[in-house]
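Working notes, structure below.
Below, read A as the first sequence line, B as the second, and so on, with proteins coming before strands; counting in each chain starts at 1.
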2 protein chains.
Amino acid sequence: MGDEHHLDLLWGRGAATGRGRPARTTREQVVAAGLARADAAGLEDLSMRAVAADLGVGVMALYTHVESREGLVALMIDAAFAEITGDLYPHPGEPWRDAAARQARALWELYARHPWILHHGSRLPMGPHVLGMEDAFFAPFLDIGLAPAETANAAIALRSLVTGLARDSTSEQDQVRRTGVGLAEYWSSINAVFWERYFEEERYPSMTRLWYEGGFESEDVLAEEGILERAVEAYLDGIAVRVHSGGSGQDAGVARRQGAPSRAGGPPPSPGGPR
Amino acid sequence: MGDEHHLDLLWGRGAATGRGRPARTTREQVVAAGLARADAAGLEDLSMRAVAADLGVGVMALYTHVESREGLVALMIDAAFAEITGDLYPHPGEPWRDAAARQARALWELYARHPWILHHGSRLPMGPHVLGMEDAFFAPFLDIGLAPAETANAAIALRSLVTGLARDSTSEQDQVRRTGVGLAEYWSSINAVFWERYFEEERYPSMTRLWYEGGFESEDVLAEEGILERAVEAYLDGIAVRVHSGGSGQDAGVARRQGAPSRAGGPPPSPGGPR
DNA sequence: GCCACTTTCCAGACGTTGTACCGAAAGGAT
DNA sequence: ATCCTTTCGGTACAACGTCTGGAAAGTGGC
C-alpha cells in the first residue's frame with residue numbers, strides 16, 4: 001500500500017492491486033466495527049485488540065487497513081459525518097435561517113449519536129465528508145449580504161456553537177458511562193453529597209438565585225434540545241441584524257482574488273487556514 | 001487522608017494531621033508541575049512518571065496528593081480556572097453586554113494559555129473555581145429581563161460558544177505540537193499536498209467560492225480573536241433582541257420556588273443538572 | 001531517651017496499551 | 001509448479017497507570 005500520505009486512507013486512494021493474499025476483512029468492516037464499539041462504549045474502550053476480537057481477526061490484521069489507532073479514529077469520524085452530508089445544503093427556496101438551523105440540528109443529532117467525536121482530543125480529520133460538512137455550513141450565509149470574511153466567520157461560529165453545546169451536554173452522560181455507575185445513582189449521589197457538603201450558596205450567588213427562581217427546572221432530555229434551538233435562534237438573530245443594518249459588504253469583496261492569490265493551493269477547510 | 005469523596009481533594013478538605021512522616025512535596029507543587037508540563041507538551045505527555053521526575057520524587061509519592069491521573073488533571077483544571085475567577089463578575093455600572101464580552105475574552109485567553117483543557121475528554125470537574133467561573137457567567141444575564149430558564153440558557157450558550165471556538169482554533173496548533181513538525185512545514189505540506197491532490201473545487205463549492213472572494217484571508221493570529229469578538233457580538237445582539245422585544249419574562253418566574261423544591265439539595269453547576 | 005503510631009516514600013511488579021518485527025500462509029501471474 | 005506480492009498472527013517491547021509491601025521519617029506519649 002502506498003504510504004504517500006496518511007490522507008490517502010481518508011480519501012480512499014489505496015486501490016488494491018488484486019495481487020497477493022486477499023484480505024479477510026475490508027476497510028469498511030474495520031471502520032464499522034470501530035464505530036460500533038465507540039458508540040457503545042466510548043473511545044477509551046476502543047483498543048485495537050478489542051476491535052480485532054470483534055472481527056474475529058488478529059490484531060495486526062487491522063494495520064493493513066488503517067495505519068494506526070488514530071488513523072482508525074479519523075476514518076471513523078469521517079464515516080460518521082457521511083451520515084449527514086447527504087442532505088445538508090440549503091434546499092432550493094429554503095430561507096437561509098431555516099437552512100442554517102436545520103444544519104445545526106443535524107450536527108447536534110450526529111453528535112448525540114456519536115458523542116465520542118466530541119471527546120476526541122485533536123481536530124477533525126480532513127476527510128471528504130468532514131470537508132463536505134464544513135462546506136455545507138458556509139452555504140446558507142453566502143448570498144445574504146455579508147462580506148466574505150464575515151460569511152466565513154458566521155459559519156464557523158455556528159458550527160462551534162453547536163459543537164460546544166453538544167460537548168457540554170453529552171459529557172456528563174459520557175462520564176456516567178465511563179465510571180459505570182448508573183445515571184440515577186450518579187445524580188442522586190451528586191445531589192445528596194455535593195450540594196450540602198461542598199456548595200456554598202453565598203459563594204455562588206448567581207446560580208443560587210437562578211435555582212430558586214426555577215432557571216434549572218428543565219428535567220426532560222428534550223429540553224436540552226431547547227437550549228440548542230434557543231441559542232441558534234439568538235445567534236442567527238444577531239447575524240440577521242448584521243445583514244440588514246450594518247452589512248454593506250454585499251459586493252465589497254466579490255471577485256477580489258481573480259489575480260494572483262497570496263497563498264498557493266486552495267481554500268483552507270477550517271478556521272482561518274494558515275496563520 | 002479520608003477517602004470520603006474524590007471531591008474532597010478539589011475542595012481542599014484533606015487537612016493534614018501533623019503526625020506521620022512529612023511529605024516532601026505539597027499538593028500545590030504537584031499540581032503546578034502538572035500544569036507546567038501540560039502547558040508545554042500537552043496532556044498526552046503528562047505521565048505520572050514524568051511529573052514525578054520533574055519534581056525529583058518517586059512515582060508513587062504523587063498518589064499521596066492525588067488519587068489518580070484523572071484526579072490530577074481535575075485539580076489542574078480547577079487551578080487553571082482560578083486564574084480568571086478573580087475578576088469575572090460584572091463591575092458596578094458595567095453594561096451587561098460589556099461584562100459578557102469581557103468574560104468571553106477572559107475564557108478565551110484562558111483556553112489559549114491552557115489549550116489542553118479543551119482537548120480533555122470528559123466534562124469540567126466540579127471544583128470551586130470551575131463553579132466560580134460558571135456562576136460568574138450567569139451574572140450578566142440576571143437582571144436584563146429574561147425569564148430564569150432563558151437566563152440560564154443564554155449564559156450556558158455563551159460559554160459553549162467560546163469553548164467551541166477556542167477548541168477549533170487551538171486544536172490545529174495542538175496537532176502541530178503533537179506531531180512534532182513545525183507550524184510552517186505543517187502548513188506548507190498541507191498547502192502543497194492537500195489542495196492539489198485531494199481537494200476538488202467542484203465538490204466543495206462554498207469553500208471554493210469563499211476562497212476566491214478572499215473570505216479566508218486573515219493570516220495573522222489576532223484575526224483569530226476577531227472571530228471570537230464577532231461571534232460573541234452577534235450572539236449578544238440576538239440576546240438583546242430577545243430582551244427588548246419578546247422578552248416578557250421579567251417577573252414571570254421570579255420567586256417561583258419559595259416552597260418545596262422538586263429536587264433536594266441546591267442548584268446544579270452545569271447545563272441542566274439532573275435530567 | 002525510647003517506643004509506639006502514623007504517614008510518606010520508593011522499588012518492583014502486574015496488567016494493558018499501541019505497534020514493530022518476522023516468518024508463515026495464501027492467492028494471482030508467469 | 002514457481003515466483004511475487006500481500007496479508008496474517010504470534011511474539012516482543014516500551015510505555016503507561018496503579019497495586020503491593022516494606023522501609024523511612026517524622027510526632028506524641030511515657
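Proximity of A:T64 to the phosphate of D:dT6: no side-chain N or O atom is located under 4.0 Å from OP1 or OP2.
Residue A:L62 is classed as having no contact, given no heavy-atom separation below 4.0 Å to the nucleic acid.
Residues satisfying the side chain to side chain donor-acceptor pair (under 3.5 Å) criterion with A:R37, sequence neighbours excluded, are A:D54. Partners of B:R49 under the side chain to side chain donor-acceptor pair (under 3.5 Å) rule, at least two apart in sequence or in another chain, do not exist in this structure. Applying the side chain to side chain contact (heavy atoms under 4.5 Å, CB included) rule to B:R203 yields the partners A:W11, A:P128, A:H129, B:E200; only residues at least two apart in sequence or on another chain are considered.
The aromatic rings of A:F194 and A:F199 sit tilted relative to each other, their planes meeting at an angle between 30° and 60°.
Remark: the backbone N or O of B:D39 is not paired with any side-chain donor or acceptor of B:R113 at under 3.5 angstrom.
For the atom pair OG1 of B:T85 and CG of B:L131, the computed distance is 11.0 Å after rounding to the nearest 0.5 Å.
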Between the protein and nucleotides 18-21 of chain D, which nitrogen or oxygen pairs are less than 3.5 angstrom apart?
{"from": "D:dT18", "atom 1": "OP2", "to": "B:Y63", "atom 2": "OH", "distance (Å)": "2.8"}
{"from": "D:dT18", "atom 1": "OP2", "to": "B:R69", "atom 2": "N", "distance (Å)": "2.9"}
{"from": "D:dT18", "atom 1": "O4", "to": "B:R49", "atom 2": "NH2", "distance (Å)": "3.4"}

Quick test: give all pairs of protein nitrogen or oxygen and nucleotides 24-29 of chain D nitrogen or oxygen below 3.5 Å, distance rounded to 0.1 Å.
{"from": "D:dA24", "atom 1": "N3", "to": "B:R21", "atom 2": "NH1", "distance (Å)": "3.2"}
{"from": "D:dA25", "atom 1": "O4'", "to": "B:R21", "atom 2": "NE", "distance (Å)": "3.4"}

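Nucleotide C:dT17 holds its C1' atom 15 Å from the CG atom of A:L43, rounded to whole Å. Regarding A:H65, its NE2 atom lies at a distance of 14 Å from the P atom of D:dT6, rounded to whole Å. In this structure, B:E44 places its CD atom 15 Å from P of C:dG18, rounding to the nearest Å.
Applying the salt bridge (Lys or Arg N to Asp or Glu O under 4.0 Å) test to every pair with at least one member in residues 9-19 of chain A, sequence neighbours left out, gives no pairs at all.
Between B:L46 and A:A61, the residue whose closest nucleotide on DNA chain D is further toward the 5' end is A:A61.
Under 3.5 Å, the side chains of B:H119 and B:E44 contain no donor-acceptor pair of N or O atoms.
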